[in-house]
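Here is the structure we will look at, set down as structure tokens.
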Amino acid sequence: MSFDLVLFGGTGDLTWRKLMPALFQAWRHGKLPAGGRILAVARDERTDAQYREFIRDKFNAVEEAKQPSGEEFDRFAELLHYRAMDLSKAEHYAGLKQWLDARGAETVVLFLATSPHLFTEICSQLGSAHINGPQVRVVLEKPLGHDLPSAQEINQVVRASFTERQALRIDHYLGKPAVQNLSALRFGNALFEPLWRRESIANIQITLAESIGVGTRGDFYDRTGALRDMVQNHALQLLTMIAMEPPPTGDADAIRDEKLKVLKSLRPFTPQSVLRDVVRGQYKAGSVGGSAVPGYTEEVKVPQDSRTETFVALRTEIQNWRWAGVPFYLRTGKRLMARDAQIVVNFRPVPHPIFPGAGRANKLVIKLQPEDGLELHLMAAKGTGQSDLLAPVKLDLDFDKAFHTERVGAYERLLLDAIAGRLNLFVRSDEQEQAWRWVMPILQAWEQDEEGPRTYTAGSWGPPASSAMIARDGFVWDEEQ
Ligand code: BG6
């Protein structure tokens, strides 16, 4: 299948840090369809050869193991082309159309890896230049909007040029192998589904913890905050994958319809419930992994009086028959103790314990990061001679060992899906808008709240109020168990 992949923002961070290494891996694994061209678009003038050298240099910053040999890079680089464009000029889009039409590839993927404020301009220019035929798909990278009205505005402009099935919204968490395994686990096994409900599950915890700070992104981050950066998208997408009903088919819209229903069933926040069920925090100086690190307001390009949250923990419920009354706890933050992303499904304890030590309940841990894996925590007899003494043990599945194949990274998977037109892992506009609708009362309550975020020491697990919130229900965060 011939394809053209156009990367708007071709010299930007996302392109060289994530997209190019992912495309290189896909090519190296022999998964990139033959007959492809990758066209990087940016403002300044460069030749193809200069662009290839630019990417070769940048690849030095890519993880050691994945670095190409010189000869390998040369072969990959033959796919790379470059085009200077002023994204506000119609004639430049006409030139792009000519370039694309001259070959007439079967598939054209336009990846907007630019600053989001350019999305609407680019999409309407693409529409006016008729670069929106049925073979064209446009990929939009987050952040898509700053709140519900701005997200709706972007979607409206996108819809004027592209159909819903042509517009692919990326949430890179959906490309992570562990997240695909979540569907496989639930809908590929008969074992879990009967337990996947309020009668068996006590609570579900989704933690997306990062040990890094905001780095050089202070400017962007300070306008964004953890709620918009991680909760509105990544955490809520994981929640939908965990909580959705089994879809009737594996078709993208069948899946996305079910995910949307979950988002619509989330209990809406009120100003009172935001105060009670949402904790926001901001890191102060501390130490992570043995090194001293500055506080958030000491980071580059962050105002000293910033009230932006770098941590959010919240409690919600899904108001339907399957989940009524089961708390879902979502937590994310920067400069926490460890890089650790996981979903913990805590089952209810046995109804009538007859063995000493039977107090601990079973749990299923779906690990996303730093490695993906699956742990099922059970109680077992220790075999120490005291016949009925129980102790917790875990069935620990390491996918690397189980499958002996290199795991495909999130961007690699999503780029290949975009080229192949597989839409399952992309977010539909109604899902994205519903997620915004749900977080809006939190944003509004915070605007009214004079207290601002609570501080937490870098290297901790966030403000103590986060543990207190979950303790109110008689539970603890997984790492405190
Ligand atoms: C991005 C956020 O979407 O996800 C970043 O903008 C965050 O702030 C990143 O660091 C985390 O992604 P990952 O894959 O490293 O967990």
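Whatever order the structure lists them in is the order used to number ligands and atoms, beginning at 1. Model, not experiment: these values are computed from the prediction. The first residue in the sequence is number 1, and the count goes up from there.
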Could you tell me which atoms of ligand 1, counted from 1 in the order shown, lie closer than 4.0 angstrom to a heavy atom of Glu210? 7 (C), 10 (O), 11 (C)

Any ion pair linking Glu412 and Arg28 (charged N to carboxylate O, less than 4.0 Å)? no

Go through ligand 1 atom by atom and flag the ones less than 4.0 Å from a non-hydrogen atom of Lys176. 13 (P), 14 (O), 16 (O)

Taking only heavy atoms of Lys334, which atoms of ligand 1 are found under 4.0 Å from at least one of them? 5 (C), 7 (C), 8 (O), 10 (O)

Checking heavy atoms under 4.0 Å, the part of Arg339 that sits near ligand 1 is side chain

Do Arg159 and Glu433 sit within salt-bridge range, that is, some charged N less than 4.0 Å from a carboxylate O? yes

Side-chain contact, heavy-atom cut-off 4.5 Å: Gln125 with Ile131? no

Starting from atom 16 (O) of ligand 1, what is the nearest protein heavy atom, named by residue and atom, and what distance separates them? Tyr173 OH, 2.5 Å

Hey, is Tyr221 one of the residues with a heavy atom under 4.0 angstrom from ligand 1? no

Enumerate the atoms of ligand 1 whose separation from the nearest heavy atom of Lys142 is less than 4.0 angstrom. 1 (C), 2 (C), 3 (O), 6 (O)

Per side-chain hydrogen bond (donor to acceptor under 3.5 Å, both in side chains), Asp171 is matched among Gln432, His234, Gln237 by His234

Within 4.0 Å of some non-hydrogen atom of His172, the atoms of ligand 1 are 1 (C), 3 (O), 4 (O), 12 (O), 13 (P), 14 (O)

Given side chains that start at C-beta, do those of Ile366 and Gln342 come closer than 4.5 Å, heavy atoms only? no

Does Arg256 come within less than 4.0 Å of Asp430, counting only side-chain N to carboxylate O? no

If you take the nearest heavy atom of each of Ile212, Asp229, Asn233, Leu368, which one is closest to atom 2 (C) of ligand 1? Asp229

Could you check whether Asp13 pairs with Lys18 (Lys NZ or Arg NE/NH1/NH2 to Asp/Glu carboxylate O, under 4.0 Å)? no

